[in-house]
Number of protein chains: 2
Amino acid sequence: MAITIRDVAREAEVSVATVSRALNGRENVAAAVRAHVQEVATRLRYVPHSAARSLITRRTQTIGALLPDMHGEFFSELIRGIDRAARGQGYHLLLSSSHGDAGETAAALQAMLGRVDGLLIMSPHADPGFIERHLPEDLPAILLNPVHGHTRLSALAVDNRAGAYAMTRHLLHCGHREIAFIGGPRGNLDAEERLQGCLEALRELLPQSTPQLVAGDFSEESGYRAGSLIARQSPRPQAIFAANDSMAIGCLFALTEAGLRVPDDIALAGFDDIPTARFTQPPLTTVRVRIADLGGRALDQLVADIANGGVAQTHSVQMLAPELVLRASCGMHSHAAAAPTRNPDTVSKKRAQAGPATQGKPQPAPRHR
Amino acid sequence: MAITIRDVAREAEVSVATVSRALNGRENVAAAVRAHVQEVATRLRYVPHSAARSLITRRTQTIGALLPDMHGEFFSELIRGIDRAARGQGYHLLLSSSHGDAGETAAALQAMLGRVDGLLIMSPHADPGFIERHLPEDLPAILLNPVHGHTRLSALAVDNRAGAYAMTRHLLHCGHREIAFIGGPRGNLDAEERLQGCLEALRELLPQSTPQLVAGDFSEESGYRAGSLIARQSPRPQAIFAANDSMAIGCLFALTEAGLRVPDDIALAGFDDIPTARFTQPPLTTVRVRIADLGGRALDQLVADIANGGVAQTHSVQMLAPELVLRASCGMHSHAAAAPTRNPDTVSKKRAQAGPATQGKPQPAPRHR
DNA sequence: GCGCGGAATGTAAACGTTTCCATATGGCTT
DNA sequence: AAGCCATATGGAAACGTTTACATTCCGCGC
């Protein structure tokens, strides 16, 4: 690190200005000189001091990702998507996850302030007030899964409503009439939207029916409890739609334990398509969310906003349509679910796939080395 | 961002030096002045320009993580561990994952060079030659899961051998005599070490036996193929030890499909304890690797090295002991496996736990929000 | 009463870039 | 042949901070 542009200039017998121009690919430098400078630079293993550079250019070539404390596949997929896009755009990724409360989140945001050209924010605490208080006006930022209606910031979100709508529609098309919905933590917007989508489809296709609502909190435990509850009922609903896969899996355990066969005695569907969903008995019908896409698109948009000189002109809210993944647990995997009328071409369909070796399913790459 | 230390100085009617001292908590500044400066700084929403700061201090307060292209829980756990430790140490985390070949990895490393105070490296390409060529002498770095014997760099790794040794020992104690081992991709060191551990235990406890080696590549597909192969054999081995959980799960599918009951007809064990392992039928006995710990400890060590003035004095190799997770698939979950004699107290044991609602198992936090 | 030491504060240099502006070197037009 | 313009290069300012060094101020011992 000791070697600077001055050393290169001296060695190449030109001025620092010329070195800078040559290395940054500016036009007005003779081809021979440029080649020579480059040769010297690589020979000396010169690497520009990025702090000095960003001091003057006011650019860090870094974007920050502010994420909540998350576990599992969702998190890693999101980062994968963001990281890949960042690399593609020539940006670095400064990551800050693992903050529990609003204070920590604010501190993390604060700490990033001078170091990034833009921010990707995914946080339960990122309501308009928080943003107002902690985010500088002139720092481009994009929200992931916005909690509330933000006016200032663009946002990308999973279209939970459309996904749940399509899934409910599918369950109804399968012939199930009484549907139980296992909800998520109260106040959780994802869960809320999924419920809304479910209700909407029911209202539309089966106006006279009232779905049974069972409490849950996104944990497998709560799904198990919900499943036990439902298993004891008589009459039972014909289908259960859980607001996420973890609960669906817990529920499946409870149903199986109670001697019920899925889908023959009761149908079951989840939301998220976590990897485990493929391996339950029976494999779980669910709604797939393309998380990596979400992250990648958010980053691309952010970089575009940055290029457009700071703050975005249009604060758009982009909805990413999830797709139905039909497996055995809904009792009708080959059925082609109708796309939601509200959003006709955003929800695609996917053929069922069960066993691991039956055909080319998306196979995670070996993770060791 | 427009507001600098000069603005604060002017507003507070002191010099920039005093502002700097006051804000950085240096001793020699009057208490009243310090308070006043701090008040002004927060009022003006002053945030120091980190590039300017690191230009002069030669510190970025950032560490870089160079990771391979990975999926799933392993990846997210690793990052969680690193991130949490970094936050604790007051460091930022610059992340760069997703590089396929050695060239990309080199480029990613190159791009980080000016921007980090230290590097966490986990890459299949990070052999001594690569390090020699691309890593500056004076940049502290730590290797995760080292591929080869590195002299220059410290390293942290999972003790694959001890884990496999303990698991094999456990299988033998369960009374299984003929054991089949499903291997990983050739050249993969994790897989290699796991096989070694298995062989070692066999050699020690059952010198006359020769384990059956079945090829695999860490994918579920390959596990499925291995399972089909073994299911057709006669006589069959009494237990199968797969080099990772994915293969064990694929294998389990094949065995079930072939009408074999696990563990009654044949026992099965994996390695990694991926989340899915809890939910297979029967739940999978496996070896748990504390990934987040691995990341966190690596970061802590790196920061310590940095504090100790650049390059570490001692290039240590720290082995993280995995623990046995005994579930139903090995046929004897309540059996207390003997710890490996070679490394007596590093491999702990864990009571079996099967269903999702039976007791307090490690429950992933709700991942939405 | 005077100098002296120490604490508090100010001044300015330095970090390594980029870039504005000036200058030199040609070739071309007149 | 003289001037002019375009092009290539160099000199130096600027970015915002930290910190070595200088300065001021004040109390205290002589």
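We name chains A, B, ... by the order of the sequence lines, and we start the count at 1 in each one. What you see is a predicted model, and the numbers here were worked out from it, not measured in a lab. Note that these values count all heavy atoms, side chains included, but never hydrogens, waters or copies made by symmetry.
- Applying the salt bridge (Lys or Arg N to Asp or Glu O under 4.0 Å) rule to E132(A) yields no partners; only residues at least two apart in sequence or on another chain are considered.
- The pair D69(A)-R84(B) does not count as a salt bridge, with every side-chain nitrogen at least 4.0 angstrom from each carboxylate oxygen.
- Applying a 4.0 Å cut-off to non-hydrogen atoms, the residues of residues 6-24 of chain B that approach DNA chain D are R6(B), A17(B), S20(B), R21(B), N24(B), listed by residue number.
- Qualifying ring-ring contact (aromatic ring centres under 6.0 Å, His included) partners for H36(A), counting only residues two or more places apart in sequence or in other chains: none.
- Counting heavy atoms from C-beta outward, V317(A) and S154(A) have side chains that stay 4.5 Å or more apart.
- Atom NE2 of H49(A) is separated from atom C1' of dA14(C) by 12 Å (rounded to the nearest Å).
- Residue R115(B) contributes atom CZ, which lies 17 Å from atom P of dG16(C) at whole-angstrom precision.
- Using a 4.0 Å cut-off, no side-chain N or O of R26(B) falls inside it from OP1 or OP2 of dT18(D).
- Computed from coordinates, the R58(A) CZ to dA14(D) C1' distance equals 11 Å when rounded to whole Å.
- Of the inter-residue distances, the one linking L143(B) atom CG with M122(B) atom CE reads 10.0 Å to the nearest 0.5 angstrom.
- Checked against side-chain contact (heavy atoms from CB on, under 4.5 Å), R10(B) has the following partners two or more places apart in sequence or in another chain: D7(B).
- Within residues 28-35 of chain B, the residues approaching DNA chain C are N28(B), V29(B), A30(B), V33(B), by heavy-atom distance under 4.0 Å.
- For the pair L55(B) CG and dC15(C) C1', the interatomic distance rounds to 4 Å; values are reported in whole Å.
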Exercise for the section: Apply the test side-chain hydrogen bond (donor to acceptor under 3.5 Å, both in side chains) to residues T62(B) and R115(B): give CA-CA distance (whole Å), side-chain angles for both, the deciding distance (0.1 Å), then the verdict. Expected result: CA-CA 7 Å; T62(B) 304; R115(B) 323 176 88 94; over 6 Å; no
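- When the C1' atoms of four end pairs are superposed on the next four at each end of the helix from dG1(C)-dC30(D) to dT30(C)-dA1(D), using five pairs per end, the two resulting axes differ in direction by 60°, to 10°.
- Between the side chains of R80(B) and S97(A), not a single donor N or O lies within less than 3.5 Å of an accepting N or O.
- As rounded to whole Å, 16 Å separates atom P of dG16(C) from atom CG of L113(B).
- In this structure, R290(A) does not pair ionically with E77(A), as no charged nitrogen and carboxylate oxygen lie closer than 4.0 Å.
- Closest of all the heavy-atom pairs between S15(A) and A9(A) is C-CB, 3.8 Å.
- The environment of R26(A) atom CZ is sparse: at most 12 non-hydrogen atoms of other residues, nucleotides or ligands sit within 6.0 angstrom.
- Atom CD1 of I5(A) is separated from atom C1' of dG16(C) by 8 Å (rounded to the nearest Å).
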